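For reference, the structure is listed below as structure tokens.
Keep in mind it's a predicted model, so treat the numbers as computed, not measured. Order of the sequence lines fixes the chain letters, A, B, ..., with proteins taken first and strands second; residue numbering starts at 1 for each chain.
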Amino acid sequence: MSTYRVSGKGRVNRGETVRFTFDGTSYEGYRGDTIASALLAHGVHLMGRSFKYHRPRGPVAAGTEEPNALVGTSRGKGRFEPNTRATAQELRRGLTVESQNKWPNLKFDVGGINDRMYMLFSAGFYYKTFMWPRSFWDRVYEPIIRAAAGLGRPPEDLDPDRYASRYLHTDLLVVGAGPAGIAAALAAARAGAEVTLMDEHAEMGGSLLSDPDVTIEGAPAWEWLATQLAELDRLGVRRMTRTTAIGYYHQNMVGLCEKLTDHLDDVPADAPRERMWRVRANRVVLAQGALEKPLVFDGNDRPGVMLAGAAQTYLNRYGVKVGDRAVIVTSHDSAYYAAFDLADAGTRIAAIVDTRDTPRDDLAQEAKRRGIDLLAGHTVTGTSGRLRVKSVRVARVSGGKVTDGRAVACDCLLMCGGWTPSLHLFSHTKGTLKFDDALQAFLPDYSAEDCHIAGAGRGLWGYEATLSDGNAAGVAAAVALGHEAQESRIEVQGDRPGTGVTHKELPTDGQPGRARAFVDFQNDVTAKDIRLAVREGMRSIEHVKRYTTNGMATDQGKMSNINGLMIASDAVGKAPPQVGLTTFRPPYTPTTFGTFAGYHRGGHFEVTRKTPIDAWAESHGAAFEPVSLWRRAWYFPKAGEDMDAAVARECAATRNSVGIFDASTLGKIEVQGPDAVEFMNRMYTNPWTKLGIGRARYGLLLGEDGFIRDDGVIGRLAQDLFHVTTTTGGAARVLTMMEDYLQTEWPDLDVWLTSTTEQWATIALNGPNARRVLEPLVEGQDMSAEAFPHMSVAECRVAGFPARLFRISFTGELGFEINVPARHGLALWEALMKSGAQYDICPYGTETMHVLRAEKGFIIVGQDTDGTVTPGDANLSWAVGKKKPDFVGMRSLARPDLVAPGRKQLVGLMTGDGKVKLEEGAQIVADPNQPKPMKMLGHVTSSYYSAALGRHFAMALIEGGHEMEGREVYVPMPDGNHAAKITTTAFYDPEGERLKV
Amino acid sequence: MLLIHCPYCDETLPELEFAYAGEAHIERPKDPSALSDEEWRDFLFIRTNPKGTHYERWRHVHGCARYFNAARDTVSDKFLTTYRAGEARPDLDRKEAAE
Ligand SMILES: [Zn+2]
């Protein structure tokens, strides 16, 4: 079918073709292909444009570390994903793929002009280019940056997929199912351990999938692999594929992202797309292998230039040769094996360029046997070709001089700069790394968790070494888990061991300043950028990273970190470990938001608490507002009413006749026990000893710092029983605070605290006709003003239900709050509505409640206070017991700062004509004509239209406000400065006459 | 996510069940009014904030709801031990020597 498919090679299923499209062109691949392998099989290397310079790019790797071949993938509406790695995404039928960062098309891209102007885009260009003039910040620079920024395009529709999450507890988690991981899992499972083995690829085997020609324990690699996997299954090892360990957290918790459907042609209905596993493992083996490093030279990013190991993978795993005529450039032995495999599969190897002077003898022989030109002690100084590499310029390096440069034609250039042990997860645990001078690599040092590292992650190379090391790690884990096991050597014939050296950028006979030698492909960072950063004063690798953005792309520098460090340390003139290594952080690979959110989306994002009366409010057209986790009826608009009209009507109806309000969300705490009154005395500012049974009092709660924390009416139902109410949002906080003091400061007090918020439905009736509505429904309590005066509480029956009945008022009108068991709340509401029909009883919501309380100057904790307001500041000194020896916060009320003049105090604010609604949160100044920045005296805390007053009014916290009554201040708002006069907060019925009924 | 041992439930459970509650062994003075402004300030605001072993309070808020104390290494974030409220600060050197 396609030119570059090699018969007899690869693990793809040749019996099943899979069609997909790339930029609108239809292609055919095989089941088991990735997007990249299928396109390469058609000779397509150009898969995208780079981020900054829009340079043509093709795949450089064959796995999730790929920085170049990022594509948009889609399976229909809402299921578009940007930045999918073409090297990792498996083909599925009907997959739609588009390239990114190009306009108008991939082969001709206008943004490629950036490449010509690259001098402008050098290291730190954001900081330099967009500085001055200041007037350009908003109108010129920001639009330019925004238009150019971004990698791919974001999805436009809501994600219709489902995402799942699960917990898993396991004795041993093995991360990575390459040779070392498989050997570790087997050793531990054979010893009797319960093992989970996982790998990010579709099938297990790791590097063995790319190296079929070695012989392990007498069997060809793939046969050995199949046998081992079968034994793992027989031993009951949980095997997870397409699963990435994204983060390693405290006490051996590892987060896994399992991709469930992205490889499927058809997704079963309701199948989750991905699943987050939170794994808690007693022991962990990290067998993540190593990542191949590119070499840094001019033009090392041209399509057709890729890692030698990637080419070997495309050939052996996918049956695809990446070109017909290859040049190899390497500083490590491993690339020779890639060259030999390619040569044996029919790719002409034009040359092996080894940067080292003396190649290993057996490798040189093998090259010679295949007729491959081996250029030792050579370098690569450049490449040619526009959308695909056409030739590479090679040159001799001797005595520090680069000479005899010549071009060698090729259609692919395979590079290998050595291998970086993959220790990202280990770094997440705060495990430390140590630079190994011999290997020129960072290796694991101190481990903060119960984990073992095996194989190439420890700098080992060759199958016998890594397999045996895996076995040892599995044995060590099994022994740590209490099993008995013995290490054993795993014999390998035809092994492929190797060593290499690590380079900074390769030597060149050209001008280094003109070289486009890329270090970080994804962020378009060159060797020149890193040297410039050092010249401009960056000394630590953390600074170099941020200045150049090296390693800051979505691949977190998997391929670029060490190359960047080698160049930076050379420029700084210090050894690499002294320049440092940047920190790896989760997630290991980019992970969807969906996986993190899991089930917590839409209606499940957070709990919505509803009162027993919520359904009535909904069916009667209430508008709702969220208050902490509750949804509360905000107002009840009638046809044609907006919020202002509805609230004005509700306020008037309540003040003129009677209003009904669902107060069920109020926090309720039962304080009970022989020492209940002593406990209340110590917690609240008010005195409680003399509060009679059947009486209620406004309670004020401070923090130990003297500032208001909460308030609410508290009724005494018995000598040893208080019914405490708290603010809606403060219920849990207050109970926590009470428990804290009770458990840890006063454990000698015999008191029980019980949250009863959800046990009671609470309905408030307010207005001159409130008693007339309620009285016919009450049994067991004389409702006369004499028998049941203001601030009373009684246990009785209302509408046939057992009730705790309060006579209290948060509106200034005659008011009652009826608590009944929550299951009767709706029935009570309906009974009250029926009883109140003859008085045109008016249901009102939280907005009207707020207006009515503000007209009386009653505070809302958290709105009129902000955590720095004392009782005195809020005009609540009357609620503080003067003769009490102690209560929480009392000592602080005498602190110097709390008695000093100039505190912000709560006052009323009235604008001249009452037509202006001051904005809540607006700042207040003494003189609106003072130069900016103005001295701000305080801010508006509450502001409403009052139907009763026929005008707008407001409350504010103002410095020294209590001394400023009658003074004029100014409130700057977007429409201009508004003068306002400072008043008291008793706006309506200051004498409280309306309660005397 | 940390695992925390509740000394009341005597079980080691995920961090999600617990809430942090500040430094431990700071006792509320029996008679605050007898304290100078400086002494009261120190009680209210001054904390040790150590690099290393920190004695701190936790609450098993989604379990038994009890407050208890813990010694935690602020560098490694590891819990060294947990113990009930009211118990004396443990001698960790002796504990290590015993193990
Ligand atoms: Zn507990």
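- Across every non-hydrogen atom of Ser755(A) and Leu735(A), the tightest pair is CB-CD2, 3.8 Å.
- Both the backbone and the side chain of Leu3(B) come within contact range of chain A, judged by heavy atoms closer than 4.5 Å.
- Put simply, of Arg280(A), Met253(A), Met890(A), the one with the most heavy-atom pairs under 4.5 Å next to chain B is Arg280(A).
- Applying the salt bridge (charged side-chain N to carboxylate O under 4.0 Å, His left out) test to Glu17(B) and every residue at least two apart in sequence or in another chain returns nothing.
- Listed in order of number, the residues of residues 45-62 of chain B that approach chain A to under 4.5 Å between heavy atoms are Phe45(B), Arg57(B), Arg59(B).
- Proximity to chain A is limited to the backbone of Ser36(B), based on heavy atoms less than 4.5 angstrom apart.
- Around CD of Glu27(B), the count of heavy atoms belonging to other residues, nucleotides or ligands within 6.0 Å does not exceed 12.
- Between Lys78(B) and Asp73(B) there is no salt bridge, since no side-chain N of the basic residue sits under 4.0 Å from a carboxylate O of the acidic one.
- Within a 6.0 Å sphere centred on NE2 of His604(A), heavy atoms belonging to other residues, nucleotides or ligands number 12 at most.
- Residues satisfying the ring-ring contact (aromatic ring centres under 6.0 Å, His included) test with Phe679(A), not counting sequence neighbours, are none.
- Every residue two or more places apart in sequence or in another chain that forms a salt bridge (charged side-chain N to carboxylate O under 4.0 Å, His left out) with Glu542(A) is listed here: Arg546(A).
- For Arg278(A), no part lies near chain B; criterion is any non-hydrogen pair under 4.5 Å.
- The most heavy-atom pairs under 4.5 Å with chain A, out of Ser76(B), Ser33(B), Pro32(B), Ala21(B), come from Pro32(B).
- With contacts defined as side-chain heavy-atom distances shorter than 4.5 Å, the pair His5(B)/Phe79(B) does not qualify.
- With rounding to the nearest 0.5 angstrom, the OG1 atom of Thr744(A) is 10.5 Å from the CZ atom of Arg66(B).
- At a 4.5 Å heavy-atom cutoff, the contact between Phe887(A) and chain B is made by backbone atoms alone.
- In terms of non-hydrogen atom pairs under 4.5 Å with chain B, the most contact-rich of Asp740(A), Thr736(A), Asp886(A) is Asp740(A).
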